[in-house]
Each structure stands twice: as structure tokens, then as C-alpha cells.
Number of protein chains: 2
Amino acid sequence: MLDSMAGIEGAILHRTTTAQQLADLLSERILAGAFTPGDRLRESAIATELGVARNTVREAVRVLELGGLVRYEVNRGAVVISPTTESLDAVYTARERLETAAAARPATAEQIARLETAYTNLATATRSHDTRHVVEVDLAFHATIVSFLESARLDLFYAELTRELRYYLMVLSVEDRELDKPRALLREHKAILDAVRTGPPETAVVAVRAHIHDNAKRVTEILIARTQTQPGPLAARP
Amino acid sequence: MLDSMAGIEGAILHRTTTAQQLADLLSERILAGAFTPGDRLRESAIATELGVARNTVREAVRVLELGGLVRYEVNRGAVVISPTTESLDAVYTARERLETAAAARPATAEQIARLETAYTNLATATRSHDTRHVVEVDLAFHATIVSFLESARLDLFYAELTRELRYYLMVLSVEDRELDKPRALLREHKAILDAVRTGPPETAVVAVRAHIHDNAKRVTEILIARTQTQPGPLAARP
DNA sequence: AGCACTTGAACTGTAGTACAGTTGAACGAA
DNA sequence: TTCGTTCAACTGTACTACAGTTCAAGTGCT
């Protein structure tokens, strides 16, 4: 069963179980927008659709929970997370703390080189006009900054934050508006890169903080505007 | 089923399911040393012992995985984590990054007050000669430092690190050796407290970093000594 | 004795069925 | 409209079953 997704199996580290494949598939679907925030993942429906047992779906969903895209509610099962001002603030705050901490460390030549590459990718991406891709590369740039902390555990944690944020951005269609000003986007990232490259760490910290605060503010405003016009699918349950 | 553990249900936020209770119970047992590193959590054994279904045990173990005390291996199930030089290094590195980042921020009066309370608790605990408790309060002191970052997400992540570390310390019987020098323990923490209280952030960062590096070195040495004398239960599988 | 090979018991991963309890929405009464 | 009531859908849990995997004990060969 589920052999159709044989291509997915990424790292060969773990022989991949059905539940794991299922979790990956569902993760992709959520990130692709197949579910909207607040949606419940109905176990029987998924089970019959994909030809697996409900147990297996439950396990897959538990694995999904690790990724942060769904949370469990008793007697309601797995529910897709919803962007709220609180959840956005939580993610952006954690990002700010991690990225400024990373920017505060003097960067090695190798780290700077990696950041330059990330910036080049971003510049290339903005020319492609593929907004989804731009977001991807943008987040990769910031992950590179966090990697300066040289802590695999923190990198992993940051990746979790990023998955969550990426979903919020997708749901809020933030990408569409991002396209208007690729120049501003590049300018801000260039400022960070330059500060890391030449300036004292202080400067880099300021640049990173400003960029993240800007983003947080803009995305939060989009969310607020969205919830006022169509209070339907985005509302989180009490 | 499992009504015997009715007292456990902590927060009333989530009505607690059997699987959740089970996860809590198993977590306690692991932290209490009922399993040694590398042990497998045998599903049928646990199921029959506690009078629950194997599905439920599996779910509970998936929840346990969230806490970081076990990891899954295909066709071997849940395995209790083992302290290795790598895992210790990973935990201590993440701790160092987070705590120094926190110490680098100017602390508010309220934050300083909380840290003073944590220190007082530690001083009291050292007099009790209850080594397990001393470790607990020690870790709480450091969690207080991290809380200066004012990020709930990071606090949660740090709690995860702490659970893992606490288990390692228990397994390595680090507490027993800690007892010898309560004076040194208090002195180091006092230095941190004073630095946070009066000194410039720089000083606090240095104090925190030194303390964590000391700890990491000592614990790692204990691990190495342990694995050489009794290469049995502590060895992680390839 | 040492080494490769086989074998079998124990266990995991998955499927499938069943049922009590909960939720949520539709329905109907006030 | 608002408040109950009802009911279908769904979750949480239990139980059974079985193929595939692991691991250690045993077996045979050198």
C-alpha cells in the first residue's frame, strides 16, 4: 500500500514505514494548502482514501504533531494550526531571539561565504517571479544566520519554527504581496549580509532585528485585515 | 482503566486521555530509572501490565517521543535515549547558546528578583542533602535565566533540553558527586546572580558560559570514565 | 575453539473490527 | 431568536490477526 509515493523517501537513514510516508504526505498536503487552518484531519476518511488502516493514520498524525503543523484536541483529533496574532508573535519572537543571538557572534569566513550564497540565491529567486520559491529562499537565508550558532539542536528547532511560519505565510497569501517590492526585500537582506560581512556584530544585530520586526508587523497586519473581512476559516477555536 | 493514576492529571486544560496518562507514567518511570539507556519499551509487556491495549501504548510512546526521552527505531520500537559524548555536547551547546543570549540582555528588576528566588531555593536545597532535588533546583535556576529571553517557545524548547539532560545526569549518577562540593556549586551560581544583578551584561555572559563549560566538561568526563569501566548499558547502538 | 549458517521465539508494523463516549449541526419548541 | 433535543459522524480505546524483522541460541563446519 502507498507504493505510489515511493519517490518521496528522502534520506535512506531510516527505512521508511507506512506511517512515516503517510506523515510526509500529509505534511506536504497541508503545506500545499489542501487543508485550511482549523480543519480536522478525519482519520477514517484519510484511511479509506489512501488504503491504510486507521491505526496507521493515527500514528502518522502523531508524527505530524512533531512537525508542529497540527495539534491534538481531545475528542476532536488532529487540527491544523491557525495563524493568530499570538501564534505569529510567538514564532517571530523566537526567531528574533535566535537570529539576533546568531548575528551577535563574530562570523567566520566560511559562514560569511554561506550567507553570500544564500543572498545570491535570493537575488536569483526574485527575478524568477515564483513567489512561493522566494519565500523558501528567504527563509533559507535566515536559517543560515541561525546556523552561525553552530548548534544542531537549535537548527532543528528553528526548522520547526520555519515550517510553521511558512504555512502561515502561505495561508495568508503573503507571497503575493511580497512580489510588489523585491527591491525592498533584497535591500534589507543585503543590509544584513553587509553588516555581518564588514560591520561590528552590533550592526548585524540591529539589521536583523529591524528586518524581523518589519516582517512581523506586516504579516500581523495582513492577518488582522484578513480576519476582519472573512472571519471564517482563519479563526482559531477557544 | 488506569484509574489508579488519577492523581497525576496536572493541568485541567486538556481532559486527559488514557494515552496521555500512560505517556506521563512512562515518562516518570524513565526519569526514575526504571529503564536504562538503550532499553526497548516493549509494547505488549507494558500493555498487559497496565491493562491497556497495545495501540494505546504505541500512541503513548509517540507522545513520549515529543518529550525527547525515547526515539524510534524501525522494527525495534521505542528505545530509551543513551548519553554519549555527542548527545551531551549537543545539549550543552544548545544550553550555552540560549543562556548566554539570555544573559546578554539587560535584566529587569522583576527578572532579577526571580533569579534571586531561584538562588535562594538552590541554597536551601544544598542544605537538604537531597541530591536529586539539588539537580532539580539547579536546572530551575538556569531555566529562569532562559526565561529572560521572554519567548514562550524557547522556554518550551529549553524544558525539552532539560528533561533530556536530567535523565543523563540521573543515569550517570552525577548527583552523587555533586554533593561533595555544594560550596563550589553555590559560588558559581552566586557569581552568575551577581553578574546579572550588578555587572554589565558582558560579565553575566562570561559567568554563565564558564559555568556551563565546566559542567559539560565534568559530566562528559564522568561519562567517559563510566563507559570504560562498564561498557554495558550505556553504549548507544550504531 | 572459532566462524558461518540456520532456526525459532519474541516483537514490531499494519490491517481490520467493534463499541462506548463526545461533538456538532440540524431540528424543533418556546 | 434562543434554547434544548436528537442524531449522525467521529474519536478514543480495546481486541484479534498476521507478515516481516530482529536477535540470540543452537548447529554444523573447519
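Residue numbering restarts at 1 for every chain, and letters A, B, ... go by the order of the sequence lines. Please read all numbers here as calculations on a predicted model, not as lab measurements.
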### Task
Verify whether one side chain among B:Thr36 and B:Asp39 offers a donor that lies under 3.5 Å from an acceptor in the other.
yes

### Message
Without decimals, in angstroms, what is the distance between A:Arg42 CZ and D:dA8 P?
### Response
17 Å

#### Entry: Whole-Å distance separating the CZ atom of A:Arg62 from the C1' atom of D:dT13
12 Å

#### Entry: Side-chain N or O of A:Thr56 closer than 4.0 Å to phosphate OP1/OP2 of C:dA15
yes

### Message
Measure CD/B:Glu73 against P/C:dC11 and give the value in whole Å, please.
### Response
16 Å

### Message
Can you tell me which nucleotide in C:dC11, C:dT22, D:dT11 comes closest to the side chain of A:Arg54?
### Response
D:dT11

### Query
Just how far, in rounded Å, is P of C:dA10 from CD1 of B:Ile46?
18 Å

### Message
Measuring to OP1 and OP2 of C:dC11, would you say a side-chain N or O of B:Ser44 lies under 4.0 angstrom away?
### Response
no

### A:Gln20 and A:Asp24 side chains, donor-acceptor separation under 3.5 Å
yes

### Atom pair distance, as rounded to whole Å: CD in B:Glu59 and C1' in C:dT12
16 Å

### Separation of atom CG in A:Leu22 from atom C1' in C:dA15, rounded to whole Å
13 Å

### Summary
Ranking D:dT11, C:dG16, C:dT14 by distance to the side chain of A:Glu43, first place goes to D:dT11

### Message
In whole Å, I'd like the distance from the CG atom of A:Asp39 to the P atom of D:dT11.
### Response
13 Å

### Query
Do you see a donor-acceptor pair shorter than 3.5 Å between the side chains of B:Ser87 and B:Thr84?
yes

### Query
Quick one: does B:Asn75 reach the base of D:dG20 with a side-chain donor-acceptor pair under 3.5 Å?
no

### Among A:His142, A:Glu99, A:Arg163, the one residue meeting side chain to side chain donor-acceptor pair (under 3.5 Å) with A:Tyr158
A:Glu99

### Task
May I ask you to say what A:Arg40 touches in the nucleic acid, namely base, sugar-phosphate or nothing, with a heavy-atom cut-off under 4.0 Å?
sugar-phosphate

### Query
Got a second to check how far A:Arg153's CZ is from B:Glu164's CD, nearest 0.5 Å?
4.5 Å

### Summary
A:Arg76 has its side chain closest, among C:dA15, C:dT23, D:dT22, to C:dT23

### Task
Rounded to the nearest angstrom, tell me the gap between atom CG in B:Asn55 and atom P in D:dA17.
14 Å

